[in-house]
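In what follows, a structure is listed as structure tokens, so that the remarks can point back to it.
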Amino acid sequence: MNEAPQFYLLFTSIMALSVIIILLPNAPLITITIWTQVINAMLLPVVLISMITLTNKKNIMGVYTNKNFQNVIGWTTVVLLILLTAMLFLAPILKVFKGLIR
């Protein structure tokens, strides 16, 4: 706890807030679960870009930097996830436009 007090404070605060929300009477738990997973999916490309960038820095990773093949797999995954996230955003919009056209 002495090494990263800000991390533990933030982590504890998020956990406490989550517990309070879940314990609310008549809280829509299924909806909350779905929305947290949607938010996780949208943030995943940001995390992956940060991780790939970090693992390509020789001064940080030393001999453990990514090889070309690992970079191809990593960036392909990031591009696919960005496309899927865009589809997640556009699907409801396209349904609205589809209803207006008919």
Side-chain angles (χ1 to χ4, degrees):
M1 182 105 172
N2 293 334
E3 290 184 24
Q6 296 90 355
F7 169 78
Y8 286 110
L9 177 66
L10 181 64
F11 185 76
T12 305
S13 301
I14 291 171
M15 290 298 291
L17 180 64
S18 301
V19 167
I20 290 169
I21 290 171
I22 294 300
L23 291 178
L24 288 174
N26 300 320
L29 299 180
I30 301 298
T31 304
I32 291 170
T33 303
I34 290 170
W35 277 106
T36 56
Q37 293 307 308
V38 168
I39 292 168
N40 282 335
M42 290 188 295
L43 292 175
L44 183 59
V46 176
V47 172
L48 283 177
I49 289 170
S50 300
M51 288 178 61
I52 293 172
T53 304
L54 181 72
T55 56
N56 282 323
K57 293 190 180 211
K58 186 101 174 144
N59 60 337
I60 295 174
M61 297 301 293
V63 296
Y64 299 106
T65 55
N66 278 349
K67 308 292 186 270
N68 287 335
F69 180 70
Q70 293 166 323
N71 279 325
V72 168
I73 291 174
W75 287 114
T76 303
T77 303
V78 168
V79 169
L80 286 172
L81 285 170
I82 290 171
L83 291 172
L84 290 171
T85 303
M87 288 173 56
L88 182 68
F89 272 118
L90 293 176
I93 295 170
L94 294 176
K95 281 185 184 177
V96 168
F97 287 135
K98 189 175 181 180
L100 292 175
I101 294 172
R102 287 186 183 182

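- In the hydrophobic clustering of ILVMFWY residues, with side-chain heavy atoms under 4.5 Å counting as a link, Tyr64 and Phe69 come out apart.
- Residues Ile21 and Leu10 fall into different hydrophobic clusters, defined by Ile, Leu, Val, Met, Phe, Trp and Tyr side chains chained together at heavy-atom separations under 4.5 Å.
- Interatomic distance, CG of Leu81 versus OG1 of Thr76, reported as 11.0 Å (0.5 Å rounding).
- Checked against Asn66 for a side chain to side chain contact (heavy atoms under 4.5 Å, CB included), the options Leu54, Thr53, Asn56 give a single hit: Asn56.
- Residue-environment remark: CG (Asn59) exceeds the threshold of 12 foreign heavy atoms within 6.0 Å.
- Heavy-atom minimum distance, Thr85 versus Met42: CG2-CG, 3.7 Å.
- The shortest distance between side-chain heavy atoms of Asn40 and Gln37 falls below 4.5 Å.
- Residues Leu84 and Val79 do not share a hydrophobic cluster, clusters being chains of Ile/Leu/Val/Met/Phe/Trp/Tyr side chains in contact below 4.5 Å.
- When the side chains of ILVMFWY residues are joined at heavy-atom separations under 4.5 Å, either directly or via intervening members, Ile30 and Val38 end up in a single hydrophobic cluster.
- Judged purely by atom type and a 3.5 angstrom limit, Thr36 uses its side chain to pair as donor or acceptor with the backbone of Thr33.
- Under the 3.5 Å distance criterion, the side-chain polar atoms of Thr55 are matched with a main-chain donor or acceptor of Met51.
- Criterion: ILVMFWY side-chain heavy atoms under 4.5 Å apart, direct or through other members. Under it, Leu17 and Ile32 are part of a common hydrophobic cluster.
- Proximity of Ile73 to Thr77: side-chain heavy atoms (C-beta onward) are separated by under 4.5 Å at one or more points.
- Residue-environment remark: CD1 (Ile60) exceeds the threshold of 12 foreign heavy atoms within 6.0 Å.
- In this structure, CD1 on Ile20 lies 11.5 Å from CD1 on Ile22, to the nearest 0.5 angstrom.
- For the side chain to side chain contact (heavy atoms under 4.5 Å, CB included) test with Val78, the passing option among Val47, Leu48, Leu44 is Leu48; the others fail.
- In the displayed structure, Trp75 atom CH2 is contacted under 6.0 Å by more than 12 heavy atoms of other residues, nucleotides or ligands.
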